[in-house]
Amino acid sequence: MIRLSQLTKEYQDGLPILFQIDLHIRRGEFVYLTGRSGAGKSTLLKLLFAQEKPTSGELVVGGMELHSMKRAELPYFRRKIGVVYQDFKLLPRRSVYENVAFALEVIGRPPREIKQKVGKILREVNLLHCSEQLPELLSGGEKQRVAIARALVHEPWLLLADEPTGNLDPALAREIMELFDRANKGGTTILLATHDLDLLQYGGRSRRILEVKAGSVCEFKDDHDNLFPTPPLESIDDTE
Ligand SMILES: Nc1ncnc2c1ncn2[C@@H]1O[C@H](COP(=O)(O)OP(=O)(O)O)[C@@H](O)[C@H]1O
Ligand SMILES: [Mg+2]
């Protein structure tokens with residue numbers, strides 16, 4: 001559960017990027033966050049990951065009040081969250097396996113559990129065969145699959161993805177979206193920021209699309225009909 005109440009974020013005094021936002025995201029939702037470059041999508045995700053602090057207002061994520069959270073509580077808070085970035089952010093000198101295992105090492109999981117969980121998730125993203133490789137030898141799509149495996153291996157309840165397909169061509173983007181889909185079906189709440197309107201069509205109408213615009217966050221309803229056009233009547237097959 002995510003709840004923002006009257007949340008304002010300024011980087012510079014008097015210049016709010018987000019202004020008095022009220023927003024509620026339920027557990028298990030898959031929500032897209034769209035808006036033009038510079039609108040504040042990444043800022044919103046950083047607030048949710050407690051990388052940035054709200055200037056004013058309240059922000060509750062997974063039952064924790066981030067607006068008043070102490071630094072010492074941060075690692076505990078982040079334990080149940082996964083993050084995926086456009087530029088992958090893999091550790092260049094560690095193997096694929098080590099990159100994913102790292103997410104469990106930092107939260108102190110025992111070696112046997114790490115081995116089992118990393119093996120399982122690498123199989124799921126279809127990368128078991130490159131476990132021992134360094135990231136630089138992988139393609140963009142493969143790198144992002146490693147990053148997703150790392151973000152999911154600790155079974156987070158919330159996954160934050162910031163332009164995760166921004167460096168990938170449409171076919172690879174689709175592959176990545178399928179992985180998010182699977183995680184969401186498994187119960188992970190997903191918040192995915194993208195300025196790519198084509199990506200919003202993935203998953204159909206059922207998903208909420210929010211737009212960050214001029215400091216506010218609103219439902220992206222107006223363009224729904226353009227994104228999901230109603231088929232012309234003559235193309236509907238009613239012979240059955
Ligand atoms: N650390 C920062 N310090 C000052 N300004 C920032 C900082 N991060 C982002 N901004 C500004 O906040 C605005 C929103 O940025 P961002 O959240 O990255 O937008 P988006 O992800 O939608 O492209 C931009 O004008 C950006 O320049
Ligand atoms: Mg951004």
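Ligands are counted one by one from 1 in listed order, and the atoms in each one are counted from 1 as well. Because the structure is a prediction, the values reported are computed rather than measured.
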Could you tell me the residue and atom name of the protein heavy atom closest to atom 9 (C) of ligand 1, and the distance to it rounded to 0.1 Å?
-> Tyr11 CE1, 3.4 Å
Mind checking whether the Mg ion (ligand 2) has an N, O or S of Ser37 under 2.8 Å?
-> no
Which bit of Ile17 is near ligand 1, meaning a heavy atom under 4.0 Å away: side chain, backbone, both or neither?
-> side chain
Same apolar cluster (I L V M F W Y, side chains within < 4.5 Å links), Leu159/Val60 = no
Arg36 near ligand 1 by a heavy-atom separation under 4.0 Å = yes
To the nearest 0.5 Å, what is the distance between CG (Leu66) and CZ (Arg3)?
-> 14.0 Å
Who gets closest to atom 20 (P) of ligand 1 by heavy atom: Pro16, Gly35, Gly38?
-> Gly38
Any salt bridge between Lys9 and Glu52, counting N to O under 4.0 Å?
-> yes
Lys46 N/O to ligand 1 N/O under 3.5 Å = no
Nearest non-hydrogen protein atom to atom 19 (O) of ligand 1, with distance, is Gly40 N, 3.1 Å
If you measure from CG on Asp162 to CG on Leu33, what distance do you get to the nearest 0.5 Å?
-> 8.5 Å
Got a second to check how far Ile17's CD1 is from Tyr11's OH, nearest 0.5 Å?
-> 6.5 Å
Within 45° cone and under 6.0 Å: Lys46 NZ/CZ vs Phe49 ring = no
Give the single entry among Thr194, Thr43, Leu44 that approaches atom 15 (O) of ligand 1 most closely by any heavy atom.
-> Thr43
Protein non-hydrogen atom found under 4.0 Å from atom 22 (O) of ligand 1 = yes
